[in-house]
Each structure stands twice: as C-alpha cells, then as structure tokens.
K.L.:
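Please read through the structure below; I'll follow up with questions.
Quick caveat: nothing in here was measured; it's all calculated off a predicted structure.
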Amino acid sequence: EGAPENLRIGDVARLVGTTPRTIRYYEEIGLIPESLQRPSGGHRAYTQAEVERLREVMRLKDLLGVSLDELKTLLTAEEARAEVRAQLRRDDVQDARRRELLSEALGHIDRQLELVRHRAAELARLEAELAETRKRAKRKIREIDTRTAGTFPAPSPLAAGGTPER
C-alpha cells in the first residue's frame, strides 16, 4: 500500500477510521498489542503490520457486531492459528507433531466458529422478526387501501337480517 512505517496514533486513527482514544483502549484491554516503539519525542509509533492488525480488529467488530470480549476471543484464536500455521510450514515437522498441531488448530477454529454461528443465529432471529413485522405492516396497508377504496368486504345484508339487494 506504500504507507509509511512508524505512524503516530492520530495518523493511524485517521487511516482506520477511529479515534486515538479507541486505539489506546484497545491496547489497554489487549485487543491490539501496545506499541513498543517510542521515537525520541516519546510518542507512540505504529508499524504497517500494527495498522493492518487494527484494521482487522475494526473489520471483525463491524462485520460481526461482537462484544469486545468475544472479539478478543476470536483474535486470540486467530493468533494461535497463525502460530500453528507457521510451525506447519516448516519442513522438519514429523507427522505425529503435524497431527498434534492440526488438532490444536481445529480447537481454535471451533472456538471461532462457535462465536460466528452464535452471531449468525442472532442475526437470523432478527431477520425473521423484521420479516414478520414487515408482513404485518404490508397487510395493514392493504386493509387500509381496500377500506378506503370501498372494496373491503362490508358485512353482508343477509347476515344483518336484511334482504339481498337486486
């Protein structure tokens, strides 16, 4: 992307569409690692990798609408999976260890899937509620339209004890 390394917090906030306060909070609760680089002025400096990590945090939070705790669980599992992937890429890993690593990765993936599926179920429930509410609103509009057009079924004169009109 050609973005410069060692960005200050205000620049990072503008790049990812958040505030410096949010970035500091995310560092404080461990969603993103605290920036260790502090140039001569003593200000925090962020690498491109840290900016990308923050972008991913923001994307997942927006996409999934999860709590910060759930997001932290997702990200922790993703980091663990990345470590497993790095170990699996090595040529000197024996099959027994490879199997162990893959089993470990499955555990992390299962935790992530559980959170995503929970969120998907909540969204499906909301979608069903909204669809039902929409149907009721459309039905009421049709009732009003037919009533005002005079075509809504009026009580039958026979039901009221009268005679049919001719």
Side-chain angles (χ1 to χ4, degrees), residues 1-39 41-91 93-142:
E1 208 172 71
E5 289 282 322
N6 302 327
L7 296 166
R8 291 180 61 168
I9 194 167
D11 299 324
V12 173
R14 278 187 292 283
L15 278 173
V16 300
T18 192
T19 64
R21 183 176 179 184
T22 296
I23 294 172
R24 285 188 195 100
Y25 180 66
Y26 284 4
E27 287 177 342
E28 185 180 308
I29 64 172
L31 271 180
I32 56 175
E34 287 195 47
S35 180
L36 300 175
Q37 295 189 28
R38 292 190 182 268
H43 294 285
R44 300 170 188 207
Y46 297 82
T47 65
Q48 190 58 37
E50 290 169 321
V51 172
E52 290 309 313
R53 163 73 178 201
L54 182 57
R55 271 198 181 109
E56 182 66 4
V57 167
M58 303 295 287
R59 184 184 77 83
L60 286 172
K61 186 170 183 336
D62 290 344
L63 176 69
L64 297 173
V66 294
S67 71
L68 294 178
D69 281 343
E70 291 170 320
L71 186 58
K72 191 172 181 179
T73 298
L74 272 172
L75 293 169
T76 299
E78 185 58 36
E79 288 168 359
R81 284 181 48 224
E83 289 175 24
V84 168
R85 279 192 305 272
Q87 289 184 46
L88 285 170
R89 285 190 185 107
R90 294 180 27 205
D91 293 331
V93 179
Q94 299 297 316
D95 281 348
R97 177 64 179 144
R98 189 171 296 278
R99 187 181 193 296
E100 190 178 295
L101 288 167
L102 289 168
S103 292
E104 183 181 325
L106 279 177
H108 299 307
I109 292 166
D110 288 343
R111 274 196 296 290
Q112 290 175 307
L113 275 173
E114 183 182 331
L115 283 170
V116 170
R117 286 178 178 150
H118 175 72
R119 184 60 59 199
E122 289 178 355
L123 288 172
R125 279 192 297 277
L126 176 59
E127 180 184 24
E129 289 172 18
L130 290 172
E132 189 56 39
T133 302
R134 184 177 192 275
K135 276 199 286 190
R136 283 195 306 270
K138 287 182 82 169
R139 186 181 69 241
K140 289 178 181 182
I141 289 171
R142 278 195 313 274

K.L.:
Identify, with sequence neighbours excluded, every residue that meets side-chain hydrogen bond (donor to acceptor under 3.5 Å, both in side chains) alongside Glu114.
P.N.:
none
K.L.:
What is the distance from atom CG of Leu74 to atom NZ of Lys61, rounded to the nearest 0.5 Å?
P.N.:
12.0 Å
K.L.:
Under the side-chain contact (heavy atoms from CB on, under 4.5 Å) test, which residues partner Arg99, sequence neighbours left out?
P.N.:
Ser103
K.L.:
What's the separation between atom CG in Asp95 and atom CG in Leu102, rounded to the nearest 0.5 Å?
P.N.:
10.0 Å
K.L.:
Test Tyr46 against Leu54 for side chain to side chain contact (heavy atoms under 4.5 Å, CB included), laying out the working first.
P.N.:
CA-CA 10 Å; Tyr46 297 82; Leu54 182 57; over 6 Å; no
K.L.:
If you count every heavy atom of other residues, nucleotides or ligands that lies below 6.0 Å from Arg8 atom CZ, does the total exceed 12?
P.N.:
no
K.L.:
Side chain to side chain contact (heavy atoms under 4.5 Å, CB included) between Val57 and Leu75: does it pass, once the steps are laid out?
P.N.:
CA-CA 8 Å; Val57 167; Leu75 293 169; 3.4 Å; yes
K.L.:
Of all residues at least two apart in sequence or in a different chain, which pass the side-chain contact (heavy atoms from CB on, under 4.5 Å) check with Arg139?
P.N.:
Arg136, Arg142, Glu143
K.L.:
Please determine whether side-chain hydrogen bond (donor to acceptor under 3.5 Å, both in side chains) holds for the pair Glu52 and Gln48, giving the CA-CA distance in whole Å, both sets of side-chain angles, and the decisive distance to 0.1 Å.
P.N.:
CA-CA 6 Å; Glu52 290 309 313; Gln48 190 58 37; 2.9 Å; yes
K.L.:
Please test Glu27 against Arg24 for salt bridge (charged side-chain N to carboxylate O under 4.0 Å, His left out), starting from the C-alpha separation and ending with a verdict.
P.N.:
CA-CA 5 Å; Glu27 287 177 342; Arg24 285 188 195 100; over 6 Å; no
K.L.:
Roughly how far, to the nearest 0.5 Å, is OH of Tyr26 from CG of Leu68?
P.N.:
5.0 Å
K.L.:
Nearest 0.5 Å, what's the CZ-OG1 distance between Arg111 and Thr76?
P.N.:
9.0 Å
K.L.:
Who pairs with Glu100 by side-chain contact (heavy atoms from CB on, under 4.5 Å), at least two apart in sequence or on another chain?
P.N.:
Arg97
K.L.:
Roughly how far, to the nearest 0.5 Å, is the CD atom of Glu104 from the CD1 atom of Ile109?
P.N.:
11.0 Å
K.L.:
Would you name the heavy atoms of Leu15 and Val51 that are closest together and state the gap between them?
P.N.:
CD1-CG1, 4.4 Å
K.L.:
Flag yes if more than 12 heavy atoms outside Glu127 fall under 6.0 Å of its CD atom; otherwise flag no.
P.N.:
no
K.L.:
Pairs in or reaching into residues 68-80: which pass salt bridge (charged side-chain N to carboxylate O under 4.0 Å, His left out), with residues at least two apart or in two chains?
P.N.:
Arg53-Glu79, Glu70-Arg119, Glu78-Arg81, Glu78-Arg85
K.L.:
List for me each residue that meets side-chain contact (heavy atoms from CB on, under 4.5 Å) alongside Ala105, sequence neighbours excluded, and say none if there are none.
P.N.:
Val84
K.L.:
What pair of heavy atoms forms the shortest contact from Ile9 to Pro20, and how long is it?
P.N.:
CD1-O, 3.6 Å
